[in-house]
Amino acid sequence: MQNTSPAAYNPHEIEPLVQQEWDRLRAFEAKEDEQREKFYCLSMFPYPSGHLHMGHVRNYTIGDVISRYQRMTGKNVMQPMGWDAFGLPAENAAIQNGVPPAEWTYGNIAYMRTQLRRLGYAYDWSRELATCDPKYYRWEQWFFTRLYEKGLVYRKKAMVNWDPVDQTVLANEQVIEGHGWRSGARIERKEVTQWFLKITAYAEDLLKDLEQLEGWPDQVKTMQANWIGRSQGVEIKFDVSSEYTLNVFTTRPDTLFGVTYIAVAPEHELAVQAAEDSPEIAAFLQECASTRVSEAEISTLEKKGMDTGLYAVHPMTEERIPIWIANFVLIEYGSGAVMSVPAHDQRDWEFASAFGLPVRPVVYPDKDSASVDVSRCAFLEKGWLQNSAQFDGLSSDQAFDAIARELERCDKGRRLVNYRLRDWGISRQRYWGCPIPIINCSHCGAVPVPDRDLPVVLPEEVDFDKGLSPLQSAPGFYEVSCPKCRGAATRELDTFDTFFESSWYFARYCSVDNDSSMLDDRARYWMPVDQYVGGVEHAVLHLLYARFFHKLMRDAGMSASDEPFMNLLTQGMVLKDGAKMSKSRGNTVDPQELIDKYGADTVRLFVIFAAPPSHNLEWSDSAVEGSYRFINKLWRLVESHAGHGMAHRDGMAPEGLGPGQTELRRKTHETIKRVTDSMGRRYAFNTAVASNMELVNAIADFEDPSPTGRKVCQEALEAVVRMLAPILPHVCHVLWHRLGHEEPVYRTAWPSLDSSALKREVVEMVVQVNGKKRGTVSVPAGMDNNGIEQAARDNENVLRFIENREITKVVVVPGRIVNIVVN
RNA sequence: GCCGGGAUGGCGGAAUUGGUAGACGCGCCGGACUCAAAAUCCGGUUCUGGCAACAGAGUGAGAGUUCGAGUCUCUCUCCCGGCACCA
């Protein structure tokens, strides 16, 4: 792997030295400077699970390449790093190994920090933060109490997965085929009172501002828009009894006369009420309650239902409509009840077919259609109404308005904009999280912890042996007096969803050392983030919560911008054997072994070169060897050039160059042009590497010891070393000095393009006959279309295909192609 | 089930605005150097036929638009991500 000559590339020798040099120079500490254009580059911070995995390495290398590139273009760059330190795995480790979560977490952070440093990322470590640090979470507790005052926080009951044996709430991930992962007990859905943030109050804002995000991938914006799911419709009242009315939302009020039943969720109060008198219904509800609280689970269930025996009154026809319980209706969405129109909705149609409920068509494809076929599936399109009393003959769109107006007139409904988005449940029945700063008092109710008592510090010395959450057996923590009445009260024992911490960390990096406020003017300088880099799996949840939280901070006067992340790069996953690398699959590759073997630069080059950032990356051992080989080749090239003394490129006269010199110089500047575009605009870092490899190959083939030749070679090498410096910062740091420069390469300017070097006198063009390539012709640059066409027709091989044929058309695209169309 | 994405040689990928499909790298084959190996260097490498020039086929499947389609449109298959308590 290594040879022993003194000039050989040895990453283990140079990398620590270069890193010491950066530390000595405080190279990457960012200072606010109003005179300079700032660039805030952020990678999604890791959960400190123990070791870096290849996904981290890929994510952070991409972020670092962007940071270092932007620095070379002259921007004032800030790139911080921290730890998303609260979460479930720490509790699992505590249960399994008896190590307190805090100790486990801080130990992991210490190790992973050394791994990140070893990879040479240009982080400003003075801004490092960990979300489990009270200095961090005190501010989210403080902010939560502000939101509480503003009325953006409320409490309601919501479903959780309940393990009846372990007596704990389980995350969706901890439910394996309907059973608790530890106890194996059949899980139950259970209602628990929890805290919610009114993200729905910002639904319109979150949707509308997607338009501002020109630097986000369309796919992510589409997913967010669909997740928010704005729909216009009508909320309709179906009376069940004199004192009870069901409100159902529909986007198709034109199908109102086709309603043949109402479906409610198994948790709906009407279902629960019906179960009281019917053991069969009670058994059905129990069955429904043994599935996970996840939409994926519920929507893939076999459609099941049961008649409640209750009826609702149709608001127009006053017909009695049966009320059914359906296992696919979500209690969390809307009112947990839907009006069912089997003739015009496929899911309703399937349910009606399974349970023998009537199918009543009311929308027909044409104004005078005699019939519409709903015997095999529902008719989903809009059309013209029949069987709809006074609305017969109207189009679906006309009927939407007419029926909505009539419902509003007789107070049986109202037009409504509905969102699929649900309020954000932030309570977790967990220990290792940020305590929710609320005190529950029997007199005063829920009372926010006053500012003077913040932070509410999570006790870190705890006992995990007793099964319950350690907080429940820590009276010293939860026995408090009420801030209002001074009476005995208890602390809220739930902690925040960990998405809470990750929804504002990007802002806190700017003001990380401020002990007197959450954010300050420095956040106004750095925010918004110019480039955010992270896994595509966060396209909806994390990125939506962060956008929401940022708007909350904006509305609290802490931020000037509407959106937190100007540009977003969603990176693909690292796969092996076609599957995501994970412990459970046993297909992980430990990046540490690679770093130990090849050094940081090789690992960085591999993850950058193997695939474009947004694609999944298929792991390959041999490709790593290739990266190492390339660095060696570059090293040898610079060594052998510099070994013959310095050759400065300054003052070179492009006029006096020979053909080979002109060619290399053109290649150099073509590469600068392409790589600059790949790095700065396209984020196609893999092809930036490929272009540099081509130039390196051209330099290696260029053997010209003349003084002019050495100048051309020096220019080419300087360009390559600077263009690769963001990807290979250690080796390029050394090679840049070797090429005779004092200033460290990370501080030098990105190479600039000399357009005059790109000029060509002759261009090669492809000649097609009927769209098939039949030859190439070389023509002088700037030749007119007639000249090009003539040259194409004269081509020997082309002649074979156009002789004795009638030419019907000739397409000439100068500089590219000639297509001769013959009969 | 719903939402989003993907599919190109033996492999990872390239083709930027509809204009030479396979850049660059890996692997493999052959050669040079070497006692030998490693490293390095040179040549070849989509498939089929041909000594070659060249010809035919070819970007998951099927249709369509176009002088020209990997790229645009429609239908389908398979794979991946997300689905609100994994982070």
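Proteins come first, then strands; the chains are lettered A, B, ... in the order of their sequence lines, and each starts at number 1. Fair warning: this is a prediction, and the values are worked out from it, not measured in the lab.
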(request) Flag the pair A:Glu694 and A:Arg674 as a salt bridge only when some basic side-chain nitrogen lies within less than 4.0 angstrom of an acidic carboxylate oxygen. (result)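 Yes, A:Glu694 and A:Arg674 are salt-bridged.
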Separation of [N] [atom2] from [X] [atom1] (nearest whole Å):
{"X": "A:Ile631", "N": "B:G25", "atom1": "CD1", "atom2": "C1'", "answer": "13 Å"}
{"X": "A:Leu543", "N": "B:G4", "atom1": "CG", "atom2": "P", "answer": "17 Å"}
{"X": "A:Ile820", "N": "B:G68", "atom1": "CD1", "atom2": "C1'", "answer": "13 Å"}
{"X": "A:Leu575", "N": "B:G5", "atom1": "CG", "atom2": "C1'", "answer": "13 Å"}
{"X": "A:Asn770", "N": "B:A69", "atom1": "CG", "atom2": "P", "answer": "11 Å"}
{"X": "A:Asn823", "N": "B:C67", "atom1": "CG", "atom2": "P", "answer": "13 Å"}
{"X": "A:Ile608", "N": "B:G25", "atom1": "CD1", "atom2": "P", "answer": "18 Å"}
{"X": "A:Gln571", "N": "B:G5", "atom1": "CD", "atom2": "C1'", "answer": "15 Å"}

(request) Give the B/S/- string for nucleotides 82-87 of chain B, one per nucleotide from 5' to 3', where a protein heavy atom under 4.0 Å of the base yields B, of only the sugar-phosphate yields S, and otherwise -. (result) SBBBBB
Using atom [atom1] of each nucleotide, how far apart are [N] and [M] to the nearest Å?
{"N": "B:C47", "M": "B:A21", "atom1": "C1'", "result": "14 Å"}
{"N": "B:A15", "M": "B:U20", "atom1": "C1'", "result": "10 Å"}
{"N": "B:U71", "M": "B:U65", "atom1": "P", "result": "15 Å"}
{"N": "B:C74", "M": "B:G25", "atom1": "P", "result": "38 Å"}
{"N": "B:A69", "M": "B:G60", "atom1": "P", "result": "15 Å"}
{"N": "B:A14", "M": "B:A23", "atom1": "C1'", "result": "5 Å"}
{"N": "B:C83", "M": "B:C28", "atom1": "P", "result": "41 Å"}
{"N": "B:C80", "M": "B:G13", "atom1": "P", "result": "16 Å"}

(message) Are more than 12 heavy atoms, taken from residues, nucleotides or ligands other than A:Arg816, located less than 6.0 Å from that residue's CZ atom?
(response)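 Result for CZ/A:Arg816: open.
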For [X] versus [Y], what's the shortest heavy-atom pair and its separation?
{"X": "A:Glu537", "Y": "A:Met573", "value": "OE1-CG, 4.4 Å"}
{"X": "A:Asn327", "Y": "A:Glu302", "value": "ND2-O, 2.8 Å"}
{"X": "A:Gln429", "Y": "A:Val160", "value": "OE1-CG1, 4.2 Å"}

Is the [X]-[Y] ring centre distance short of 6.0 angstrom?
{"X": "A:Tyr505", "Y": "A:Trp83", "result": "no"}
{"X": "A:Tyr137", "Y": "A:Phe86", "result": "yes"}
{"X": "A:Phe630", "Y": "A:Tyr628", "result": "no"}
{"X": "A:Tyr136", "Y": "A:Trp504", "result": "yes"}
{"X": "A:Phe500", "Y": "A:Phe549", "result": "yes"}

(request) With sequence neighbours left out, write down each residue that passes side-chain hydrogen bond (donor to acceptor under 3.5 Å, both in side chains) with A:Ser353, or none if nothing qualifies. (result)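 Residues passing side-chain hydrogen bond (donor to acceptor under 3.5 Å, both in side chains) with A:Ser353: none at all.
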Whom does [N] pair with, Watson-Crick or G-U wobble, provided both distances fall under 3.5 Å?
{"N": "B:U40", "result": "B:A32"}
{"N": "B:G56", "result": "B:C47"}
{"N": "B:U75", "result": "B:A61"}
{"N": "B:G1", "result": "B:C83"}

(message) Side chain of A:Met693 only, heavy atoms from C-beta on: which candidate in B:A55, B:G25, B:C26 is closest?
(response)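 Side chain of A:Met693 sits closest to B:G25.
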(message) Syn if the chi torsion is within 90° of 0, anti otherwise; quick check, which is B:G4?
(response)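 The base of B:G4 is oriented anti (glycosidic angle more than 90° from 0).
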(message) Check the orientation of A:Trp104 and A:Tyr47. Use parallel for under 30°, tilted for 30 to 60°, and perpendicular for over 60°.
(response)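 Tilted, since the angle between the ring planes falls between 30° and 60°.
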(message) Which label fits A:Phe328 and A:Phe351: parallel for a plane angle under 30°, tilted from 30 to 60°, or perpendicular past 60°?
(response)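 It falls in the perpendicular class, over 60°.
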(message) Rounded to the nearest 0.5 Å, what separates atom CD in A:Glu670 from atom CG in A:Leu758?
(response)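 With rounding to 0.5 Å, CD (A:Glu670) is 6.0 Å from CG (A:Leu758).
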Between side-chain atoms of residues 218-225 of chain A and protein atoms elsewhere (two or more places apart, or another chain), which donor-acceptor pairs fall under 3.5 Å?
from	atom 1	to	atom 2	distance (Å)
A:Lys221	NZ	A:Leu213	O	2.8
A:Thr222	OG1	A:Asp218	O	2.8
A:Gln224	OE1	A:Arg547	NH1	2.7
A:Gln224	NE2	A:Ala539	O	3.0

(message) Can you confirm whether the side chains of A:Asp423 and A:Thr200 place a donor and an acceptor under 3.5 Å from each other?
(response)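 There is such a pair between these side chains.
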Under 4.0 Å, counting only non-hydrogen atoms across every strand here, what does [X] touch: a base, just sugar-phosphate, or nothing?
{"X": "A:Phe496", "result": "nothing"}
{"X": "A:Met44", "result": "nothing"}
{"X": "A:Asn692", "result": "nothing"}
{"X": "A:Asn697", "result": "sugar-phosphate"}

(request) Would you kindly compare A:Asn797 and A:Ser627 by the position of their nearest RNA chain B nucleotide and give the one closer to the 5′ end? (result)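 Nearest nucleotide further toward 5': that of A:Ser627.
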Quick test: give all pairs of protein nitrogen or oxygen and nucleotides 10-15 of chain B nitrogen or oxygen below 3.5 Å, distance rounded to 0.1 Å.
from	atom 1	to	atom 2	distance (Å)
B:G12	O2'	A:Ala610	O	2.4
B:G13	OP1	A:Asn616	O	3.4
B:G13	O3'	A:Asn686	ND2	3.3
B:A14	OP1	A:Asn686	ND2	3.0
B:A15	OP1	A:Arg682	NH1	3.2
B:A15	OP1	A:Arg682	NH2	3.0

At a cut-off of 3.5 Å, list every protein nitrogen or oxygen paired with a nitrogen or oxygen from nucleotides 40-47 of chain B, distance to 0.1 Å.
from	atom 1	to	atom 2	distance (Å)
B:U40	O3'	A:Arg636	NH2	3.4

(message) If you compare every side-chain N and O of A:Arg674 against the phosphate oxygens of B:C24 (OP1, OP2), does one of them come in below 4.0 Å?
(response)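 Checking B:C24 against A:Arg674, no side-chain N or O comes under 4.0 Å of OP1 or OP2.
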Give me the distances for all protein-to-nucleotides 19-22 of chain B N/O pairs that come in under 3.5 Å?
from	atom 1	to	atom 2	distance (Å)
B:U20	O2	A:Lys773	NZ	2.9

